[in-house]
Amino acid sequence: MTSDDAAQPCPMPNAHRRLMDCHAQWHRLHEVYFDPHEFRLTMNSLVQNLRNVTWLLQKQKAQLVGFDEWYLRFQQSSGSNEIMRWIVKSRNRITKEADLELLSELQVVWHQDWLQRTIGTSSKYPPRMSIREITNDVMRRYRPPFGTMTVRRRWVDKALPAWELLDATSEAYTRLEELLAEGHSAAAVPMCDLEAHDRECVTSSLRASGTRPHCMVDAKDDLEAHFDLVEGVEIESTSLVIERDEELIAKSVERYGSRAEIPTSGPIDAVPGFMANARQLMETDGEHGTFVFLYRGDALIKMGGLLFYNQNSKILAFEKLASQVKAMNADGVLVIAESWFARPTKKEEELGTVFFPARDRLDRMEALTVYAATRDGKTAGQISLVTRDASGRAICAEPDDMDDAVVNTLAPILRIWAEMDSSTN
Ligand SMILES: [Zn+2]
Ligand SMILES: [Zn+2]
């Protein structure tokens with residue numbers, strides 16, 4: 001960054017350099033995940049470095065523009081943040097009393113369907129065993145008859161049992177990055193002149209977004225493996241494949257004609273606009289992938305396509321999306337999907353229950369759905385039935401509002417939001 005003309009001297013070089021050290025050290029922690037000794041050493045050092053970022057700032061406060069204001073805001077929000085409180089306590093434990101009480105556990109999650117899941121933990125697999133070795137053994141001994149199974153290695157501290165430690169330290173890093181971004185912007189230095197590290201993602205650029213860096217979210221993929229229990233095969237990790245990309249949007253306007261205006265007031269209001277665009281796309285292409293949009297407040301913070309190839313991998317794809325919702329602190333979601341629709345049978349209507357999912361019924365109809373939910377409990381959804389003319393061209397009917405927009409696919413996200421609510425209260 002030193003060669004960049006726009007780069008100005010860093011207003012808080014000591015704290016900023018230490019934060020960059022934390023970023024690099026976080027990746028180191030991830031690399032030594034299966035080595036208990038190295039993991040403990042790196043963890044001890046990372047916790048102290050995270051804690052030291054704020055001390056280094058305080059030492060310099062006389063020279064920092066607006067320090068009292070932005071630092072006080074940070075202190076107030078940290079006081080109610082369990083991770084930041086844990087960092088302070090842990091640092092005291094490490095330097096004064098004793099080590100963190102690190103536990104390495106193996107978590108096995110059996111997803112029976114959208115709503116039913118069973119979580120087990122086991123301490124019988126030593127931390128040095130790779131996920132591959134463990135899953136082979138777990139599959140041989142405990143393979144349940146259907147659904148999917150996720151096997152995941154987790155390090156936790158006894159004082160913070162609900163948080164895996166890469167997540168916890170990544171969360172603390174993100175809060176500190178936000179703080180330093182504020183400090184830089186108060187000093188009118190959007191980009192400072194600190195040298196980048198050898199590791200490509202460790203640069204001096206600071207994000208004020210409050211979302212975890214992509215490199216940290218993606219790095220965790222190799223700590224878990226998923227199996228389709230019926231097929232007996234590993235499910236390749238599913239992911240969000242498209243970032244918001246202005247060029248891509250411009251191209252699609254060209255291809256699908258002018259697009260409906262989407263209001264910028266969050267996911268609930270955006271449902272009709274997205275539906276109008278989805279119908280255009282469906283009628284042009286004859287098919288529509290599954291697309292998801294994550295929001296924080298009114299702002300769209302991530303969009304992407306979800307890939308899956310059967311019901312089991314679909315559940316995992318939405319579970320993974322739910323982890324991203326947590327990592328990005330998203331509080332709204334909107335989904336566009338092609339799906340099956342079937343009217344309830346007379347018997348089902350009488351009993352108020354559904355015996356057969358639409359996808360398993362002979363009288364199923366093709367439909368396009370757009371639905372959205374927010375963390376504070378709002379939902380909205382539209383459905384458009386799709387028919388085909390003699391040549392197979394798709395025709396999308398005028399959309400109807402969905403009776404119940406809380407569909408199964410949202411279950412993992414609603415569960416994560418409930419967990420997040422209960423841990424902040
Ligand atoms: Zn700086
Ligand atoms: Zn990184």
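Quick note: numbers below take in every heavy atom, side chains included, and nothing from hydrogens, waters or symmetry partners. Atoms within a ligand are numbered from 1 in the order they appear, just like the ligands themselves.
Near the Zn ion (ligand 1), less than 2.8 Å away, sit the protein N, O or S atoms Cys10 SG, His16 ND1, His184 NE2, Cys192 SG. Sorted by chain and number, the protein atoms of type N, O or S within less than 2.8 Å of the Zn ion (ligand 2) are His23 NE2, His27 NE2, Cys201 SG, Cys215 SG.
Looking only at distances, a side-chain donor or acceptor of Trp110 sits under 3.5 Å from a matching main-chain atom of Phe146. Put simply, the side chain of Asp400 never gets that close to the backbone of Gln382: no donor and acceptor are under 3.5 Å apart.
Residue Glu69 qualifies as open at atom CD: its count of foreign heavy atoms under 6.0 Å is 12 or below. Residue Asp403 qualifies as open at atom CG: its count of foreign heavy atoms under 6.0 Å is 12 or below. Heavy-atom contacts from other residues, nucleotides or ligands closer than 6.0 Å to CD of Gln58 number more than 12. Taking a 6.0 Å sphere around NZ of Lys326, one finds it holds more than 12 heavy atoms contributed by other residues, nucleotides or ligands.
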**Report entry** Check against ring pair (Phe, Tyr, Trp, His ring centres under 6.0 Å), Phe274 and Phe291
**Finding:** CA-CA 11 Å; Phe274 273 111; Phe291 290 92; 9.9 Å; no
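Geometrically, Arg51 engages Trp55 in a cation-pi contact defined by less than 6.0 Å to the ring centre and at most 45° from the axis.
For an aromatic pair to be called close, the ring centres must be under 6.0 Å apart, and His16 with His184 satisfies this.
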